[in-house]
Amino acid sequence: MGQTLYQKIYHSHVVGKLNASTDLLFVDRHLIHEVTSPQAFSGLKLAGRAVRRPDLTFATMDHNVSTQRRSLDAAGETSRKQLEALAANCDEHRIPLLDLTHPDQGIVHVIGPEQGLTQPGMIIVCGDSHTSTHGAFGALAFGIGTSEVEHVLATQTLPQQQAKTLKVEINGDLPAHVTPKDVILAVIGKLGTAGGNGYVAEFCGSAIRGMSMEGRMTLCNMSIEMGAKAGLIAPDDTTFAYLKGKAHAPQAEHWDAAVSYWQSLHSDADAVFDKSISLDASSISPQITWGTNPEQVIAVDEPIPAPESFSDDTKRQAAERALQYMGLSAGQKLTDCAVDVVFIGSCTNSRIEDLRAAASVVRDRKVAPGVRALVVPGSGVVKRQAEQEGLAEIFKQAGFEWREPGCSMCLGMNDDQVAAGQRCASTSNRNFEGRQGRGARTHLVSPAMAAAAAIAGKFVNVARLEGAAQ
Amino acid sequence: MSQIFKQGLVCPLDKNNVDTDQIIPKQFLTSVSRDGFAEALFYDWRYLADGAANPEFVLNYPQYQGASILLTRANFGCGSSREHAPWALQQYGFNVIIAESFADIFFNNSVNNGMLLITLSKTNIELLFNRCAQGPQQWQIDLASQEILFGNNAAMGFNIDPDIKQRLLSGLDFIGSSEQLNPQIAAFEAQRRSNLPWLG
């Protein structure tokens, strides 16, 4: 029997056996940031341990930084201490750090691929659940906790047990204005927030093959929102073309050997998955979440479902609670709901392609009165490119705030927050209660849909907005 | 001889999909310390906007003060990888969590802090909530025999991964156990350098 891509990567990283069903796996890249690493470094110090492979460890400042000013104290005193702790730890252990003065600084899951640190066949870990993003390159990438961060710093390995495998096949062509964000929201809507628990998901099918690397990253980024340990996409020519010439990608003398190895990284034709689902890309419409977890999602023109329509009592209770928190009622259409805040950014949707999609909607239009709209590019590289392409000017002319890179309003660790009761169209990944601020009401959408909401002052099907303009 | 792993008062949290943003909101993640998170646990549910305790939240009920076993429903701990979530639960006093299912990262993080997470079927979780509805419960958890003991010879069995069971019973150092494979790690690194030299 053949192997799945996940199994190939898993087996090629087994250092040894720890226990009956627990293997010790080698970690090729360890990405760290200021929030989940300080206690790990303290633990190392306490035990008198060193960082085994600082050359395979890379750090950035992203979660807790101001997107308005680049000084360490711009997001407050405790944030400054945390950022300084990261800088001191990286200095002490000789770990490369993209700090706030570095022109390429940005969100860890944006800069990893941009710098060529993310490559097919690798095991990549980071103390952040959206590490699944890197699976877009055919790397096994997953989020870990701080104890595990400490373990990887000390040993460059991690104890693991084999996960089950889930195949998500998406064939067909995406309709106009339907993006990878809509695809992953539709998948989560179908599978549920816990549908992937215990699984590594592999996305395949013609719709995936047709996606850019940016699109694939959006898809894998949100695998964790259906509970999957990781998302994976087999590498292909699109992947290789993206990586070629990147700073940390294999250089000329190794390039051909690397590509030849990467080409072996796919699930065998006779590989058996533990579970499979499929979706027809042409049937997907622009999606929007109405509730407080990402599976509570509908096509933008659909009415909000009635709690009674869920046969599962768990889902029914969750729907009742969500409607109450969100200030919505069953049967209502979100296209009748005004928005207060629009956030375009996060590790899900802050890459150049996302900003292009949003800017094409915004061009020659104005943000509706009373709407606060901000664009937070994912990295210094994205920001510079957007400025060179004139996208930043389009956003600013329309009335958007144009910010410095960081995680920003996705989780509101800094001062980019949504006030209680305010409704936000957000390109981020989580619509949990209080995620963007206590009492904040988050609706997850694609960058184009977020841009359309900013212009219309309410949720609107971007396809209709664009259709009306033509 | 049975081995009592934990015992204590049970607090029933009748919710599904409790995410780590609820367990500990982001404003508490700016700390560089591993301690001091007990007060932050379930902050937005536990306290009203003015900072007073929310009398309607189950953790604030008088009969559940001092609880050390948390009973909840499906997909507990979904969301971010923040280990601050198990830290907050543990520092508040919870060493055992019983649920229909847990999110993977949260599960690992909790085990890495020596906490016992018990997964039971929906039917059994319902039975446990029914017990709690009858009045405050004191249960004992026997990890060796894999049983929840309710008293009066009543018990409910549970499954647990044998490797995790062994780790919890032995209390072995997480990193120290792996360091015993240091020679294999070095050999793996040498082979990797030779086969895939671009990886460093």
Side-chain angles (χ1 to χ4, degrees), chain A residues 15-16 18-22 24 26 28 35-36 38-39 42 47 49 55-56 64 76 78-79 81-82 85 122 127-129 143-148 150-151 154-157 159 161 193-194 197-198 227 229 250-251 254 257-258 261 293 314 317-318 411-413 420 430 432-435 438, chain B residues 15-17 19-22 25-27 29-34 44-45 49 73-75 78-84 86-87 101-106 108-109 112-113 122 161-164 166-167 173-182 184-185 187-189 192 195-200:
Chain A
V15 166
L18 280 173
N19 245 321
S21 60
T22 309
L24 192 65
F26 193 79
D28 299 295
V35 176
T36 56
Q39 297 89 350
S42 306
R49 291 183 168 114
D55 59 319
L56 303 182
N64 204 359
T78 54
S79 301
K81 281 188 190 149
Q82 204 174 48
M122 284 182 163
D128 186 278
S129 59
I144 57 176
T146 299
S147 296
E148 293 172 313
E150 185 179 337
H151 189 289
T155 67
Q156 201 57 34
T157 63
Q161 298 185 323
T193 54
N197 278 4
K229 181 178 183 71
Q251 299 305 301
H254 294 305
Y261 164 60
N293 71 49
T314 301
Q317 286 160 12
L411 82 168
M413 271 196 76
R430 290 194 174 127
F432 296 158
E433 282 184 28
R435 171 87 176 173
R438 187 171 185 152
Chain B
K15 283 177 188 287
N16 287 286
N17 297 316
D19 59 72
T20 53
D21 278 84
Q22 304 315 322
K26 68 263 179 172
Q27 64 267 33
L29 307 187
T30 55
S31 169
V32 294
S33 160
R34 218 180 166 111
D44 286 354
W45 289 341
R73 300 228 181 230
N75 201 28
C78 60
S80 101
S81 66
R82 59 188 73 164
E83 198 163 313
H84 310 68
W87 293 337
S101 60
F102 296 94
D104 292 341
I105 305 178
F106 175 82
N108 290 337
N109 287 344
N112 289 336
N113 284 279
K122 191 171 183 172
D161 179 274
D163 291 0
I164 291 172
Q166 192 189 333
R167 263 186 71 193
D173 173 28
F174 180 45
I175 298 175
S177 307
S178 299
E179 281 176 336
Q180 290 175 5
L181 268 63
N182 269 341
Q184 286 98 315
I185 298 174
F188 188 95
E189 285 174 322
R192 177 178 179 272
N195 292 349
L196 310 169
W198 60 87
L199 290 180

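In what follows, chains carry the letters A, B, and so on, assigned in the order in which the sequence lines appear, proteins first and then strands, with residues in each chain numbered from 1.
Proximity to chain A (any heavy atom under 4.5 Å) is restricted, for Asn17(B), to the side chain, taken from C-beta onward. Using a 4.5 Å cut-off between heavy atoms, Asn109(B) contacts chain A through its side chain alone, with no backbone atom that close. Only the side chain of Asn16(B) comes within less than 4.5 Å of a heavy atom of chain A; its backbone N, CA, C and O stay farther away. Contacts between Ser33(B) and chain A at a heavy-atom distance below 4.5 Å involve the backbone alone (N, CA, C, O). Contacts of Phe102(B) with chain A are made by backbone atoms alone, with heavy-atom separations under 4.5 Å and no side-chain atom involved. Looking at Gln166(B), only its side chain comes within 4.5 Å of chain A, counting heavy atoms on both sides. Using a 4.5 Å cut-off between heavy atoms, Gln27(B) makes no contact with chain A at all. For chain A, no part of Arg167(B) is nearby; none of its heavy atoms comes within less than 4.5 Å. Neither the backbone nor the side chain of Asn195(B) comes within contact range of chain A; no heavy atoms are under 4.5 Å apart.
Your options are Asp161(B), Val32(B), Asp104(B), Asn182(B), and the one with the most heavy-atom pairs under 4.5 Å with chain A is Val32(B). Between chain A and the residues Ala187(B), Cys78(B), Ser178(B), Ala103(B), the most heavy-atom pairs under 4.5 angstrom are made by Ser178(B). By number of non-hydrogen pairs under 4.5 angstrom with chain A, the leading residue of Leu196(B), Asn112(B), Asp163(B), Ile175(B) is Asp163(B). Comparing Glu433(A), Gln317(A), Glu150(A) by how many heavy-atom pairs each has under 4.5 Å with chain B, the most go to Glu433(A). Counting heavy-atom pairs closer than 4.5 Å to chain B, the top residue among Gly198(A), Gly227(A), Ala420(A) is Gly198(A). Comparing Gly176(B), Gly79(B), Pro197(B) by how many heavy-atom pairs each has under 4.5 Å with chain A, the most go to Gly79(B). Most heavy-atom pairs under 4.5 Å with chain B, from the set Gln156(A), Gln82(A), Lys229(A), Gln161(A): that is Gln82(A).
Every salt bridge (charged side-chain N to carboxylate O under 4.0 Å, His left out) that Glu189(B) has, sequence neighbours left out, goes to Arg52(A), Arg53(A).
For the residue pair Gln22(B) / Asp44(B), no side-chain donor-acceptor distance below 3.5 Å is found, with atom types taken as modelled. A donor and an acceptor atom, one from each side chain of Thr155(A) and His151(A), are located under 3.5 Å apart. Between the side chains of Thr78(A) and Thr30(B), a donor-acceptor pair is found at a separation under 3.5 Å.
For the atom pair CG (Asn108(B)) and CD1 (Ile105(B)), the distance works out to 8.0 Å, reported to the nearest 0.5 Å.
Taking the charged nitrogens against the carboxylate oxygens, Arg438(A) and Asp21(B) have no contact shorter than 4.0 Å, which rules out a salt bridge. One finds no salt bridge joining Arg430(A) and Asp19(B) here, because no Lys/Arg side-chain nitrogen approaches an Asp/Glu carboxylate oxygen to under 4.0 Å.
For Lys15(B), the NZ atom sits in a packed shell: over 12 heavy atoms of surrounding residues, nucleotides or ligands are nearer than 6.0 Å.
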